Every structure is written in C-alpha cells, then in structure tokens.
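Nothing here was measured: the structure is a model prediction, and the numbers come from that model. Counting convention: from 1, in listed order, for ligands and their atoms alike.
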Amino acid sequence: MWSSAREIAPGDLVIVWMTRDLVQPLVVTPGKEINNRFGFYRHDDLVGVPYGSKVGSRNGKGFIHVLRPTPELWTLALPHRTQILYLADIAFVTSWLNIKPGSKVIEAGTGSGSFSHSVTRTVGPTGHLWSYEFHEARATKAREEFSRHGMDATVTLTHRNVCKDGFTVSDVVDAVFLDLPAPWDAVDHAKKALRKDRVTRICCFSPCMEQVLRTVNALNDAGFTDITMYETLIRPQQVDAVPALTPISDVREKLKGMERRREDKRFRQIANSRAAVATAGKRKRTDDADADDDADAISAAGKRSRTEEGEEFKFSEGGAAPAQIVMREHELDAQPEEGARPVTTGVAPRISISKAFPEVRGHTSYLTFACLLPIMADGLAPVWEGRSQRCP
Ligand SMILES: C[S@@+](CC[C@H](N)C(=O)[O-])C[C@H]1O[C@@H](n2cnc3c(N)ncnc32)[C@H](O)[C@@H]1O
C-alpha cells in the first residue's frame with residue numbers, strides 16, 4: 001500500500017510521531033519545513049533517512065520519529081472528515097466477520113476511510129472491498145486518498161445511498177459492515193449482496209441502543225441468525241522501566257556505616273578540643289576571650305559536623321547512588337558478613353512497572369453481529385452437529 005523502500009524518498013507519505021497525542025501524516029516535499037514547539041525540521045533532512053528513525057530538530061531541542069505508514073498509524077493520523085472507527089473496534093469487527101486474505105467485503109459508509117485501510121490490507125490483492133458513501137465530497141476525497149495509497153486494485157468506491165439504492169453486487173461478498181445512521185434500512189440489500197453458498201456475516205455499528213433494537217428486528221425479519229451485540233472499551237496501560245529498589249540489607253549496612261562515622265567524628269572533636277584547652281593552659285593564657293574562642297570553635301566544629309552528616313544522610317536517601325549499588329546475589333537474601341561491602345557496578349538494575357491510565361476511553365458504539373446461513377438444495381438452512389441456527 002505504501003513505500004516498501006528502506007529509506008525515505010521525496011514524495012513519500014510518512015507518519016510523524018511527535019507525541020502520543022500528536023501523530024501527523026506528511027508528504028516529504030524538499031524545500032518545506034515542519035514546526036512544533038520544540039523546534040523546526042526540514043523535509044530535506046528526512047530524505048535518505050531509514051524509516052523509523054528519530055530525527056533531531058534544527059535547534060537541537062526536540063526530536064520526532066518518522067514512521068512508515070500502516071493502517072494502524074493511518075487511523076491515528078488521518079484527517080477526520082467524520083467520526084471514525086478506532087483500532088479496538090476494527091480488530092474486533094475484522095475477527096468476528098472472519099475477514100482474511102481473499103475475503104470479499106462491503107462497507108458503508110466510507111466516511112474518513114479508517115476501516116477501509118485496515119480491511120484493504122487484510123483482504124490483500126486476492127480479496128476486494130466495495131465501499132459506499134452518499135456524501136459526494138467525502139466520496140471524492142476518499143477516492144483520491146485510496147489512489148494515492150495504492151489501493152485502487154483492491155477497493156471500488158461508489159457514490160450512492162445504500163439504504164435507498166442498495167449495493168452494486170449481489171451474491172458475491174463474505175461480509176458486510178454497516179456504519180450508517182439507519183443500518184436497518186440496508187439489511188435487506190446486504191442480504192442480497194451476501195453469497196448464499198456458505199455462512200456469511202454482517203456487523204452494524206451504532207452508537208445508541210434504540211438503533212441496535214431496530215437493527216436486531218430487521219436482522220431477525222431478514223432471517224439472520226446468531227444475533228449478538230458487543231461493546232469494546234479500551235483500557236490503556238503505561239509500562240515504564242524504573243530503577244530497582246536498593247536491597248534492604250544494603251540500606252542497613254549504609255546506616256550502620258553512617259552511625260560509625262558520626263561516632264568517630266564526635267570522638268575526634270572532643271579529643272581536639274581537649275588538646276586545644278591543654279595547649280592554652282600550658283601557655284598560661286589567662287585571657288577569657290581566648291577561652292571563649294575555643295568554645296566557639298568547638299561549637300562551630302559540632303555544627304559543621306552535623307551539617308555534613310545531614311547532607312550525607314540526604315544523599316543516601318534521595319541521591320542517585322543507591323541505585324548504582326548491587327548486592328552480590330547471595331547477599332540479597334543472606335545477612336551480610338561483618339565488614340562485607342556491596343559490589344558497585346556501572347549499571348543500575350531496573351524493573352518494569354505497569355500502571356492503568358486513570359481514564360478509560362468510553363463508549364463509541366455498539367457492535368451488532370449476525371450470520372446468514374447458506375440455503376441448501378431443499379431450501380432449508382443446514383444443521384451443524386446439533387447446533388441449528390448457529391454460526392459454525
Ligand atoms: C461514521 S461515518 C463512517 C466512518 C468510517 N467507518 C471510518 O472508519 O472512517 C458514516 C458515513 O456514512 C455515510 N452515510 C450515511 N448514510 C449513508 C447512506 N445511506 N449511504 C451511503 N453512505 C451513507 C455518511 O456520509 C458518513 O460519511
């Protein structure tokens with residue numbers, strides 16, 4: 001469907017991934033520039049770069065990823081002319097309708113072509129998609145897009161009101177997908193288009209329960225079976241690699257070491273101040289001010305030492321150093337021997353954590369599925385191993 005070359009060439013369509021919420025299509029046109037709030041990028045800089053590369057902005061402050069288009073990325077990046085189908089629904093519909101390479105499929109309406117791109121890739125060159133759209137400008141735009149994306153051989157787009165005029169093929173397709181405001185009006189037409197020599201399937205995509213009820217009635221009246229309704233909801237998860245917590249034995253060792261050093265310092269300060277007083281005595285200093293100086297010095301030394309200890313404690317608690325310390329494997333469970341030192345490596349151990357996004361993307365539409373069973377020579381629907389009126 002799109003360029004399969006390793007490197008980007010002038011005129012290629014690429015998908016520019018700026019952030020998770022900002023994904024844009026771009027036709028690489030030498031001489032042009034694109035901008036975002038982190039800087040600007042010259043299209044010329046993208047030419048010859050392998051697809052999937054990370055490209056820095058001209059001011060060195062930002063970067064983008066330039067990706068090869070896929071139907072999934074196209075759905076995230078396409079220009080919206082209508083509401084579109086997103087990946088969770090597309091995947092579920094494709095699977096339930098049993099769309100696979102070689103399948104012949106109808107969709108109405110075409111809308112922004114999100115579903116069309118996925119189906120075209122799935123059915124491949126041996127299959128076919130008949131797509132219908134009654135809004136003329138949308139039909140023209142979609143036709144241009146399909147052509148640019150190399151889909152002409154696989155997709156036939158017709159400008160028509162399918163509820164009124166039906167489809168252009170009969171007894172041909174394996175599956176019908178209706179994303180219309182009034183799908184019940186197209187159910188009989190869909191039945192005509194579906195082939196009668198095997199089990200075929202239909203799906204109607206409707207946002208309201210009232211539409212679902214009318215569709216279910218129409219499907220029942222037309223003789224469809226196995227009518228089932230689903231709703232898909234997306235629950236995204238954020239997965240991050242974070243530094244592993246420092247083993248508890250390591251923390252205990254560090255605390256003990258700090259305590260030891262603090263004691264040593266105190267003893268040194270007392271000894272120093274005693275020595276200072278003794279020296280002063282020998283010199284027979286009688287000046288009280290000198291004695292005060294000594295007392296100040298002792299107090300200042302004490303303060304300095306406390307500050308140093310405070311800083312050291314702060315560093316141990318929140319600094320980067322703990323993540324750099326890895327205990328030998330046996331030390332992770334066992335008590336460390338007296339005087340044992342942790343092994344320091346340059347690589348911080350990391351673990352993966354997964355967090356559900358607080359917001360779950362809500363309802364888009366209800367998916368009503370049904371099967372049409374083949375008509376046998378005796379004019380009756382077949383019975384599969386006791387499961388009559390069910391899709392096999
Ligand atoms: C929600 S959009 C379809 C979006 C599409 N499934 C996608 O993924 O991009 C519905 C489209 O159906 C078209 N439509 C509505 N009634 C129609 C009819 N009776 N015949 C053909 N197209 C119709 C509308 O013009 C609109 O473009």
Name the residues with a heavy atom less than 4.0 Å from ligand 1?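 For ligand 1, the residues that come within the 4.0 Å heavy-atom cutoff are Thr82, Gln83, Ile84, Leu85, Gly109, Thr110, Gly111, Ser112, Gly113, Ser114, Phe115, Glu133, Phe134, His135, Arg138, Arg160, Asn161, Val162, Cys163, Asp179, Leu180, Pro181.
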
Any donor-acceptor pair under 3.5 Å from Asn36 side chain to Phe38 backbone: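 Here the side-chain-to-backbone pair exists.
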
Can a donor-acceptor pair be found, under 3.5 Å and without considering hydrogens, that links the side chain of Thr228 to the backbone of Asp226?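 Answer holds: yes.
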
For a quick check under 3.5 Å, do Ser116 and Glu107 share a side-chain donor-acceptor pair by atom type?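 The answer is yes; a qualifying pair exists.
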
Under 3.5 Å side-chain donor-acceptor pair for Ser103 and Asp174: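 Result is no, nothing qualifies.
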
Using 4.0 Å as the upper bound for N to carboxylate O, is an ion pair formed by Glu263 and Arg268?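 Looking at Arg268 and Glu263, the cut-off is not met.
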
Do the rings of Phe167 and Tyr132 sit parallel, tilted or perpendicular, given the 30° and 60° boundaries?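 Taking Tyr132 first and then Phe167, their aromatic rings stand perpendicular (interplane angle over 60°).
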
